[in-house]
Structures are given as structure tokens and as C-alpha cells.
> 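Shown below is the structure under consideration.
Throughout, numbering of the chain's residues begins at 1 and tracks the sequence. Bear in mind that the values here come from a model prediction, so they are computed numbers and not experimental data.
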Amino acid sequence: MSGISTAAIFSSDGSDLEALSLETFRFQYRENALYRAYTDALRIQPDKVRSLAQIPFLPIQFFKTHQVTCGTFEPQLIFESSGTTQTINSRHLVKEAAIYEQSFLTAFERFYGPVTDFVVVGLLPSYLERQHSSLVYMVRDMVERSGHPASGFYLYEHDKLYHQLLELEARGQKTLLIGVTFGLLDFAEQYALQLKNTIVMETGGMKGRREEWTRDQVHAFLKERLGCSQIHAEYGMTELLSQAYSYGQGLFNTPPWMKVLVRDENDPFQLYTEKAAGVINVVDLANIYSCSFIATEDIGRLHEHGTFEVLGRLDNSALRGCSLMVS
């Protein structure tokens, strides 16, 4: 069993995304029993799928109830979503750690330049306290690759973080402060800074830890307290091996092997163009050995040049496609 080559995926400029997607669809239909059963349940004939718009997107809920894999393998990584004791967490079995590492490193450096230019500081409380977080894995790898002794993680040592950032700013050192949203808000409530050499990047994640704020409220507060002109953001999830990035205003850009589509909530094959709000579908070709076509539970809107924004979550987010198959 062999999927599409990683060289073809990560060297893509995006112009061949549809061709690569169709090749990946046929591979995953053949090798992923769950995806094949879902496609068959929709009465889709693979040989008649000729465009990206015709490819079925697997409801993300299946990662909670099934193993979403192409064939059988011993995973090098297992990522799990966060949740409470009352919820079922998603599990993503990753065949090769190197694919995930190549995906997040290539994407980050495409948007921000070499990770070795940065001191990488992770403010990820709660994520650090559990196992199998894809976000922690990514940031830990970037901390190590940065090669800077000041790079590292902080749990709740806000005073130590404050003085570290002051020192880095005084030295003019490029720094990436990447943090879960409630962690950044907790820090910014206690300390005010003027960060001119630091990229502040929020990764989402309130998870009931604080009252819910809108993105605009979060970013306005962080900009005021931390002295940033913009708050950057990362859009990723347990079920994806790629991330999109925002330089500000909540508008995300995808790397060339990743694409966001927006669909009608009630009709999975009704795709919207710019400005209409709908439910987000993600093409992630880095998901070679799981499923590259994921119907999420996020609501979003497309903008020009392929950018998108995330507006919220579906209510009671049980996607209709899941009812086609009973475990």
C-alpha cells in the first residue's frame, strides 16, 4: 500500500491541488474501509468523481467512534482531542510522525520564515497537562528546532514569563509567543507589555475555562495589554495534520496542500463562494493515511484569495452524514 508521495504534497504550489485531491480520494476510497463505506452509503461512484466539488467529506465525528485509517498499521503517534470526562474524545492515528513534522514545519516557515530565527515560547496550560496533544507536539518540536536556550514552555509561571519577555524585547530578539486563548488572557490580565519583536499567536481554546469572548474582544484586549499591533492565530485540530495561519483580523491562510471550502449545513454538496457563511470542509493532503477530506463542525466564511474566517461552531454539532452509518 502506498499513498501519494509526500514530495508531491509538500512541494505543491497549489495549482495542482485538484489533481492531487482526486488521486488521494481514489487511494483513500480503496484503502480506508470506513471512508469507502461512507462514500458507498452516499451512493457515490468513485469513477464518476471528476472534480474536488464531487469528493465526499467525512464527518469529523467519525474520529470519535471509529479508527480512521488507510489499511492497518502501528501508529507512530496517537493524537487525542481535549474534552471532559463526559465526552468522547477524537483519536487520530498517525502512521508516520515525519509527515506531521514536515507538514507543520513547512507551513510555519512558509508564512513566518525559519523557526531558528525565533525564540519559541509556549503558553499551553491544560494542554501540557494531558497526553497526546498534537498542539503540544508541534510546539515542543519547534522549541527544540529553534535552538535558543530561552525557548520553552510555561504552565502558570506568569511572573517568570513576563520577565523573560521583557529581556527578549530588550535584546530585540524575534520571539513567538504561542498560547491557548484562555492562557494568554490570564497572563495579559496580570501583566502589561509593549511587545514589538514578539508575535503573539492564539490557538483558540476556551473550553469552559472562562466566559466566552468573541474573537474581536479577545484580540482587542490582548493588543491593548500586550502592546501588539496584531494578534496572530493558528487554526488546527486533532483530526488534521496541517494548520492555517492568520496575520490578524481573524483571516486565515492555508498552505498549498490544504484548502477550506464552505458548505450548506443541510446539503453537504452545496458549496458556497465568497462571503456566504456555512460549515467548513477541509482538504488536508497531509492526512494521507487517515482521511484528507473532513467535514468539520466549524462555521466559517470564505474571503478573497482563498482566505477564510471562523465564525463559531454548529449547535448540537452532530453532522447529518453520521446518521448514514451506525457503528
Side-chain angles (χ1 to χ4, degrees), residues 81-82 104 107-108 111-112 115 118-130 133-140 142-143 151-158 161-162 164-165 168-169 174-238 240 242-255 260 280 296 298-301 303 307-313:
S81 63
S82 59
F104 67 65
F108 178 84
F111 293 118
Y112 292 100
V115 72
F118 291 88
V119 166
V120 179
V121 177
L123 183 59
L124 302 172
S126 81
Y127 285 73
L128 278 175
E129 296 160 339
R130 64 182 178 85
S133 164
S134 58
L135 177 61
V136 169
Y137 188 98
M138 179 181 82
V139 177
R140 179 177 289 120
M142 291 171 61
V143 163
S151 292
F153 285 99
Y154 291 80
L155 267 170
Y156 301 101
E157 309 108 318
H158 289 169
L161 174 59
Y162 170 71
Q164 180 68 82
L165 290 173
L168 293 169
E169 281 290 323
K174 284 178 66 175
T175 300
L176 171 67
L177 172 59
I178 180 168
V180 64
T181 305
F182 74 81
L184 289 171
L185 289 173
D186 287 350
F187 173 68
E189 279 183 341
Q190 296 181 58
Y191 297 96
L193 287 157
Q194 289 295 314
L195 298 178
K196 304 305 179 188
N197 302 296
T198 299
I199 292 172
V200 178
M201 181 179 291
E202 56 100 357
T203 66
M206 299 294 269
K207 302 293 185 185
R209 297 291 293 263
R210 302 173 58 104
E211 65 174 294
E212 291 289 338
W213 285 12
T214 66
R215 181 195 68 226
D216 288 346
Q217 287 175 316
V218 168
H219 286 201
F221 180 78
L222 291 177
K223 284 192 289 187
E224 178 186 356
R225 294 291 295 169
L226 300 181
C228 308
S229 59
Q230 294 293 344
I231 300 299
H232 296 232
E234 178 257 5
Y235 178 77
M237 58 188 71
T238 299
L240 303 178
S242 299
Q243 302 79 33
Y245 289 99
S246 167
Y247 297 130
Q249 284 88 44
L251 291 179
F252 289 92
N253 302 271
T254 58
V260 163
I280 289 176
T296 78
D298 292 332
I299 299 171
R301 178 181 286 122
H303 290 266
T307 61
F308 69 97
E309 65 176 317
V310 182
L311 302 173
R313 301 270 290 177

> Are side-chain heavy atoms of Phe108 and Met142 found at a separation under 4.5 Å?
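Yes, their side chains come closer than 4.5 Å.
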> Check the pair Leu176, Thr198 against side-chain contact (heavy atoms from CB on, under 4.5 Å), reporting the backbone distance first and the verdict last.
CA-CA 6 Å; Leu176 171 67; Thr198 299; over 6 Å; no
> If we ignore angles and hydrogens, is there a donor and acceptor under 3.5 Å between the side chains of Thr181 and Glu202?
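Distance-only check passes for Thr181 and Glu202.
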> Is it true that a side-chain atom of Ser246 and a backbone atom of Leu251 form a donor plus acceptor pair closer than 3.5 Å?
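Side chain of Ser246 to backbone of Leu251: a pair is present.
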> Can you tell if the side chain of Glu189 reaches within under 4.5 Å of the side chain of Phe221, non-hydrogen atoms only?
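Sidechains of Phe221 and Glu189: in contact.
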> Less than 4.5 Å apart, any side-chain heavy atom of Phe182 and any of Pro125?
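Result yes, sub-4.5 Å side-chain heavy-atom pair found.
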> Could you give the distance from CG (Leu155) to CG (Leu124), rounded to the nearest 0.5 Å?
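Leu155 CG to Leu124 CG: 9.0 Å, rounded to 0.5 Å.
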> Just verifying a value: how many Å separate Ile299 CD1 and Ile280 CD1, rounded to the nearest 0.5 Å?
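Answer for the CD1-CD1 pair, Ile299 versus Ile280, is 9.0 Å.
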> Looking at Tyr112 versus Tyr247, is the centre-to-centre ring distance below 6.0 Å?
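Between Tyr112 and Tyr247, the centre distance is under 6.0 Å.
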> At what distance, to the nearest 0.5 angstrom, does NE2 of His219 lie from CD of Glu224?
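It comes to 14.5 Å.
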> Could you check whether any side-chain heavy atom of Val121 comes within less than 4.5 Å of a side-chain heavy atom of Thr175, counting everything from C-beta outward?
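Yes, close enough: below the 4.5 Å cut-off.
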> Please report the closest heavy-atom contact between Gln243 and Ala107, naming both atoms and the distance.
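For Gln243 versus Ala107, the nearest heavy atoms are O-CB, 4.4 Å.
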> List in chain and number order the residues that pass side-chain contact (heavy atoms from CB on, under 4.5 Å) with Gln217, two or more places apart in sequence or in another chain; answer none if no residue qualifies.
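side-chain contact (heavy atoms from CB on, under 4.5 Å) check on Gln217 returns Trp213, Thr214.
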> Where the side chain of Glu169 meets the backbone of Lys196, is there a donor-acceptor pair that is under 3.5 Å apart?
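Yes, because the side chain of Glu169 sits within donor-acceptor range (under 3.5 Å) of the backbone of Lys196.
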> Do Glu309 and Gln249 have side-chain N/O donor and acceptor atoms under 3.5 Å apart?
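Checked: Glu309/Gln249 side chains show no N/O donor-acceptor pair below 3.5 Å.
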> Output, in order, the C-alpha distance, side-chain angles, deciding distance and verdict of side-chain contact (heavy atoms from CB on, under 4.5 Å) for Thr254 and Val260.
CA-CA 8 Å; Thr254 58; Val260 163; 4.3 Å; yes
> Going by side-chain hydrogen bond (donor to acceptor under 3.5 Å, both in side chains), name the residues that satisfy it together with Asp298, two or more places apart in sequence or in a different chain.
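For Asp298 the side-chain hydrogen bond (donor to acceptor under 3.5 Å, both in side chains) partners, ignoring immediate neighbours, are Tyr235, Arg313.
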> Quick check for you: to the nearest 0.5 Å, what is the distance between Met201 atom CE and Leu177 atom CG?
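The CE atom of Met201 sits 10.0 Å away from the CG atom of Leu177.
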> Are His158 and Tyr191 side-chain neighbours, meaning at least one heavy-atom pair lies under 4.5 Å?
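His158 vs Tyr191: side chains touch.
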> Step by step, work out the side-chain contact (heavy atoms from CB on, under 4.5 Å) result for Asn197 and Lys174.
CA-CA 5 Å; Asn197 302 296; Lys174 284 178 66 175; 5.6 Å; no
> Answer yes or no: is there a side-chain heavy-atom contact under 4.5 Å between Tyr245 and Asn253?
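No. Closest side-chain heavy atoms not under 4.5 Å.
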> As an exercise, state the distance from OH of Tyr162 to CG of Leu193, rounded to the nearest 0.5 Å.
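Answer for the OH-CG pair, Tyr162 versus Leu193, is 5.5 Å.
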> Are Phe187 and Tyr156 an aromatic pair by the rule of ring centers under 6.0 Å?
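No, they do not, as the ring centres are separated by 6.0 Å or more.
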> Does any part of the side chain of Val180, heavy atoms only, come nearer than 4.5 Å to the side chain of Leu123, both counted from C-beta?
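When only atoms from C-beta onward are counted, Val180 and Leu123 do not touch, as no gap falls below 4.5 Å.
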> So which atom in Ser229 and which in Lys223 form the shortest heavy-atom distance, rounded to 0.1 Å?
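Answer, listing the atom of Ser229 first, then Lys223: O-CD, 3.3 Å.
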> With side-chain contact (heavy atoms from CB on, under 4.5 Å) as the criterion, how do Leu184 and Arg225 come out once you've worked through the C-alpha distance, each side chain's angles and the decisive distance to 0.1 Å?
CA-CA 10 Å; Leu184 289 171; Arg225 294 291 295 169; over 6 Å; no
> Got a second to check how far Phe153's CZ is from Leu161's CG, nearest 0.5 Å?
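If I round to the nearest 0.5 Å, the distance is 13.0 Å.
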> Counting C-beta onward and ignoring hydrogens, is there a side-chain heavy-atom pair between Phe118 and Ser151 closer than 4.5 Å?
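With C-beta onward as the side chain, the pair stays apart.
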